[in-house]
Amino acid sequence: SQDELATVNTEADRLATRMDGWSRAAISRRLAEAVLDGTDTTSAVVRVFEALQTAPGHVVPIGKLDEVNRKEVSIAGRVKTLWSPSHPSIAQVGLIADETGQTRVTIWKASEAPWIAEGEHVRIHGAARNWYEGRVSLAVTGWSTIHFPERGRWWEA
């Protein structure tokens with residue numbers, strides 16, 4: 001109906017402002033499909049929001065890592081603490097946190113990843129999602145990349 005379409009478009013506008021990388025049209029299409037399948041609008045909004053949060057290629061909130069059904073993920077957060085590695089093949093190990101939670105991150109020496117520092121904001125792309133002592137954790141491998149949004153670029157110095 002026209003009312004349902006108006007509600008779907010309004011909710012898509014609202015979600016698009018909260019979801020980087022998703023257009024209003026893409027969100028609207030997903031919402032409309034859910035409503036056409038018989039889901040009420042409120043439930044459709046929640047379901048679509050949760051699906052887009054953990055979609056491949058997008059930064060996953062750390063608190064949602066255990067809900068992701070794939071091996072590689074991207075996250076963003078602050079390095080909360082680092083401690084001494086327990087094995088010579090580990091370069092760094094510590095906790096990275098965002099507003100939704102925190103997770104252990106292991107950076108393997110073989111990855112040749114740049115060093116991170118406590119308090120630093122990082123974006124890790126292609127981290128291997130695994131489990132350590134019953135909790136989800138991440139490993140930086142040779143396929144992973146680490147970005148530092150707050151570090152100055154050499155050409156800006």
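The shown structure was predicted, so the numbers you read here are calculated from the model rather than taken from an experiment. Only heavy atoms go into these numbers, but all of them, side chains included; no hydrogens, no water, no symmetry mates.
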Closest non-hydrogen contact found for Y132 with R104 is CE2-NH1, 3.4 Å

Can you tell me how far the CD atom of E118 sits from the OG1 atom of T81, to the nearest 0.5 Å?
-> 4.5 Å

Full working for side-chain contact (heavy atoms from CB on, under 4.5 Å) between H147 and H125 | CA-CA 8 Å; H147 300 279; H125 297 279; 3.1 Å; yes

Measure across I124 and A127 and return the closest heavy-atom pair with its distance rounded to 0.1 Å.
-> CG2-CB, 3.7 Å

Taking 4.0 angstrom as the limit, do R30 and E33 come out as a salt bridge?
-> no

Drop me the distance from Q92's CD to W115's CH2, to the nearest 0.5 angstrom.
-> 4.5 Å

Which atom names give the shortest non-hydrogen contact between I116 and R151, and what distance separates them?
-> CA-NH2, 4.5 Å

Examine distances only and state if a side-chain atom of R70 and a backbone atom of E72 form a donor-acceptor pair shorter than 3.5 Å.
-> yes

Minimum heavy-atom separation for N69 to R129, with atom names?
-> CA-NH2, 4.5 Å

Checking side-chain contact (heavy atoms from CB on, under 4.5 Å) against T7, which of T42, T41, V45 comes through?
-> T41

By the rule that ILVMFWY residues connect when side-chain heavy atoms come within less than 4.5 angstrom, directly or transitively, which residues belong alongside L95?
-> W83, I90, V93, W108

Hey, could you give me the CG/OG1 distance between L15 and T10, rounded to the nearest 0.5 Å?
-> 11.0 Å

In Å and rounded to the nearest 0.5 Å, what is the CD1 to CZ distance from I27 to R14?
-> 10.5 Å

Separation of D40 CG from R47 CZ (nearest 0.5 Å) | 9.0 Å

Counting distance only, does the side-chain N/O of R78 pair as donor-acceptor with the main-chain N or O of G119 below 3.5 Å?
-> yes

Side-chain donor-acceptor contacts of residues 136-143 below 3.5 Å, not counting sequence neighbours, with atom names and distances?
residue	atom	partner	partner atom	Å
S137	OG	N130	OD1	2.5
T141	OG1	W143	N	3.2
T141	OG1	S144	OG	3.4

Which heavy atom of I107 sits nearest a heavy atom of I146, and at what distance?
-> CD1-CD1, 4.1 Å

Is there a donor-acceptor contact under 3.5 Å linking the side chains of D98 and T100?
-> yes

If you round to the nearest 0.5 Å, how far is CZ of R24 from CG of N9?
-> 5.0 Å

S74 to G126 - nearest heavy-atom pair and separation | OG-N, 3.6 Å

If Ile, Leu, Val, Met, Phe, Trp and Tyr residues are connected whenever their side-chain heavy atoms lie under 4.5 Å apart, and connections chain through other members, are F148 and V79 in the same group?
-> yes

Spell out, as yes or no, whether a donor-acceptor pair under 3.5 Å connects the side chain of E4 to the backbone of S1.
-> yes

